[in-house]
Structures are given as C-alpha cells and as structure tokens.
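For reference, the structure discussed in these notes is given below.
Only this structure's heavy atoms are used, side chains among them; waters, hydrogens and symmetry mates stay out.
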Number of protein chains: 2
Amino acid sequence: MLAFSVVTKRLLSFTNLGQGVNVSAVTSPLVWEHVQPPAARRLLTGAIDAFAERGFQATTTRDIASRAGMSPAALYVHYPSKERLLFEISLYGHQAALEILTKADSGAAPADRLRAMVSAFTAWHAEHHTIARVVQYELAALSPEHFAEVATIRRAISAMIEQVLADGVADGSFAVDDLHGTTLAVLSLSIDVARWYSPSRQDPAELGALYADLALRMVQA
Amino acid sequence: MLAFSVVTKRLLSFTNLGQGVNVSAVTSPLVWEHVQPPAARRLLTGAIDAFAERGFQATTTRDIASRAGMSPAALYVHYPSKERLLFEISLYGHQAALEILTKADSGAAPADRLRAMVSAFTAWHAEHHTIARVVQYELAALSPEHFAEVATIRRAISAMIEQVLADGVADGSFAVDDLHGTTLAVLSLSIDVARWYSPSRQDPAELGALYADLALRMVQA
DNA sequence: GTCTATACCTCGATAGAC
DNA sequence: GTCTATCGAGGTATAGAC
C-alpha cells in the first residue's frame, strides 16, 4: 500500500475556495521513496502540490522544476512530458484510493462494511486532499490512453460501493430504491471533500466518522 | 429570476469523466436575452460551454470567439478580458443558484423546506450542469476582487441550508450532531452533481427527488 | 544528470483599416 | 462593431556543453 502524507496549509471552504493566499503546500517526500531517483520524486511531489493548487493547465513546467530546485530542462530527464507527470500522480492516487476501500471492506454485516468503507474513503480524501484534487478534478487533462487506464480503477471503486449496498438490500438491512443513484450519492459525499477540505477545518478521522454515519442513515432500512 | 436553459450532449460519469468525445455543447441563447447586444450574448454562452468542457485555463479567447462566429479581436469590444467573461458567468450562476434555493424555502415544517431546497438545488445543478461546473470549479481563476463578490453569495447559500437544519433541530424534527459538518455534506451532495452529471443519465427532477430523500434521511430524528 | 540557451509555438490583447 | 495583422509575453520541449 502506498501511504501518502500530504501536509498543506490552505484556507479553503465552500466560500473561500481556491483563493487561498500564502499557500505553502509541501508534499512529504519520505513516503514516495519508491519513486527514484530523488530528483524524480521531488518533481513528482512538486507537481502534486502545483496541480492541486492551480490545476494542470495553469501549472507550468518551470513552476514544477523550480519547486524541485531544478532548471526547467532537468524535468525532461525524468519525465517525457508534463502529461506523463500527471498520469503517474493520477495512477498512484487511484490505486491508493482503491486499496484504502478494499482494506476497509472486511466486516461481516453490510452496515459494518459500509461504515468502514465510507469512513476510510472520506478520511483519505481529507488527509490526502492535494492528491485527491488531482485524482478527481484533472482527469480531462489525461491522454485518452492514460485516461482509459485510470477509468478501470474508477469503475472498480464504484463497483465496490454498489456491491455493499446490494448486499445490504439482499439481507434486508438496507432499504435502497435507486441502487445506482444512491451509489453515486455515497461516492459524491466523500469525493467532494477534496474540493473544500482544509487541514485547519476538521480532523480527517472525525470527518470520516461523521460521513460514515450520514451514509448509513441514507441507506438503512 | 434568471432562467437558465442549458442543453448539452455529454457522456460523463464517475468513470468516463472529462473525456467525452464529440462534445457538442450548445447553450441556448434565448434565455440570456438580457445580455445585449446579441454578439455579447453569443460570446457569453460560447464561453460557458468552453469553460465547462475544458476549464478556464485551457480555453482560449480564439475558441470563445470562434464559437460566437467572430474573430478573436471582436471579443474585446464586448468584454475587456477573458477573466471578465468568467466573472459575469460566475456571478449570474451564483445569483441564479441562490434564487432557486430562496424560492424553494417556502414551506412550513423544516422537513418540507429541506426537501424542496435540496430537490431544487440538485435539479438546478443537473439541468444547468455546464454553468454549475463553471460556478463550482473555476473559482480559483477569478481575480481576488471578483472572487470576493461571488463569495458573498456562496456564504448566503450555505447559511440557508444551515438555517433549515438548525430550525429542524430546534423543533425536534431533525437530529443533527454536527450542524456545520452536516450542512457541508448536504451541499456536497448537490454540488458534486455538476462534476458527473450528463443529460443521458437521469432526469434532473428525478435526481432532485432522490437526493432530497437521501438528505432527509441524513438528518431526520 | 544538470546546466544555459534557445527554438518554436500559441497565448491574451492591441492597432488601425473599413 | 468587425475584420486582418501583429505585438510581446510566456508556454513546452530540445540542443549541446559540462
């Protein structure tokens, strides 16, 4: 499992979203040790912060290189293009999100499974909201081939939520009219966290507990 | 009240998000009749479609002008900058969303009010998902001054949801532990619709009814 | 593997004719 | 109010020295 540890200082909320000043986002390089050499890792973590702050299109290769303490040209020794950098971030992020969900899906009763899954998925989007922002909001910038690769993982993620809801309906613990629509709603709750979350706002674990509770109330019989 | 009627053909979902091919988004000009002259209106609706499809940063003034059937230079007769175009769209969109919510907030019991508000707010994000995407996801591209102006409206929107939840807690019809957190969750449900909605997927009114039901289950005592 | 220098392109916005 | 033509800036990516 990839353990991401992203620390940012932002002041985002529903009302001041995306206009945080003095943004000093620093993605911890320690947890990306599998990305070698260190220069490639510095570029990757710098790109995560830049993409999360400004979006892919507004981020320049000069900005990414500068965050990594390099000249613009040095980037191309490690990555063939800016899009490739986005793809690697997006792929790692999707894999990590799926693995978080899979690990949480271990209980016996559907209610326990759903609680654990929503809690973990929500907390991940809060704790790693910089990566999550790239994962959820920069898909359109991927090449069609790279998009197809992450789309497979996205289908697996939504299938996991739909399955636990279906199991709950089958054993009578859940009452869900529109299975597909409710699946999307449960996913929305967690995913939208990436849009507004700021570390100063709430503890990821607490938020996960709250959202798991809300999701259960949404579906319980 | 501004009545937006946006018709787009897209194939977006949680899994194929942002990679729709053959996107032929056409924002109906009829409902923008207050934007004069017609050339300015064509530019505005073209910009809505372009910003919703590609994002503000990836959209060129040449693209906007071309959608309006003009040369790049003609844009600057009607708008002083690309950012100003975004601001006008964002401002209209926020005003429309707030007005939708205000109109819906007319019932007596908090449960009736919440149902109507979530239903209308959700249906608006589906029906007008192109504008909603610009409203919800392009805030960071606004100038600080223009952002401050729309932020006022955003605060009013979240305050309306928080108020109906507080009223429900006060009269015992709702049971809400974390008022602010639950307000954000209810808002998230509707707002995230703008990210994944496609007209082929579901009727806006049906989606609104489903989400109103889910929101009520989240908060009812 | 990093640098400086730069090629080549496209961008937002402007000038000036009609 | 629209056009053609273009400016100046800044973008991605490359060349070649070290």
Exercise for the section: State whether B/Arg84 and B/Glu88 are salt-bridged, where the test is any N-O pair (Lys NZ or Arg NE/NH1/NH2 against Asp/Glu carboxylate O) under 4.0 Å. Expected result: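 Judged by the 4.0 Å cut-off on N to carboxylate O distance, B/Arg84 and B/Glu88 do form a salt bridge.
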Practice task
Decide, yes or no, whether a salt bridge links B/Glu53 with B/Arg67 under the criterion of side-chain N to carboxylate O below 4.0 Å.
Solution key: yes
Practice task
Mark yes or no for whether B/His128, through its side chain, and B/Trp124, through its backbone, hold a donor-acceptor pair below 3.5 Å.
Solution key: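 Between the backbone of B/Trp124 and the side chain of B/His128 there is no qualifying donor-acceptor contact (under 3.5 Å).
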Can you check the [X] [atom1] to [N] [atom2] distance for me, whole Å?
X	N	atom1	atom2	value
B/Leu75	D/dT4	CG	C1'	16 Å
A/Met70	C/dT4	CE	P	13 Å
B/Leu86	C/dG12	CG	C1'	15 Å
B/Ile64	C/dC11	CD1	P	12 Å

Handout entry: Pairwise side-chain contact, B/Ile48 with B/Trp32, heavy-atom cut-off 4.5 Å (strictly under)
Key =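 With C-beta onward as the side chain, the pair touches.
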Fill in the blank from the handout: Protein-proximity profile, nucleotides 11-18 of chain D, B/S/- by nucleotide at the 4.0 Å heavy-atom cutoff, equals BBBBB---
Practice task
Please work out which of the three classes, parallel, tilted or perpendicular, describes the rings of B/His34 and B/Tyr92, given edges at 30° and 60°.
Solution key: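 Because their plane-to-plane angle is over 60°, the rings of B/Tyr92 and B/His34 count as perpendicular.
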Exercise for the section: Could you please name the option among D/dG1, D/dC3, C/dT2 that lies closest to any side-chain atom of B/His78? Expected result: D/dG1
Exercise for the section: Quick one: pull up CD in B/Glu149 and CG in B/Leu142 and give me the separation to the nearest 0.5 Å. Expected result: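 B/Glu149 CD to B/Leu142 CG: 10.0 Å, rounded to 0.5 Å.
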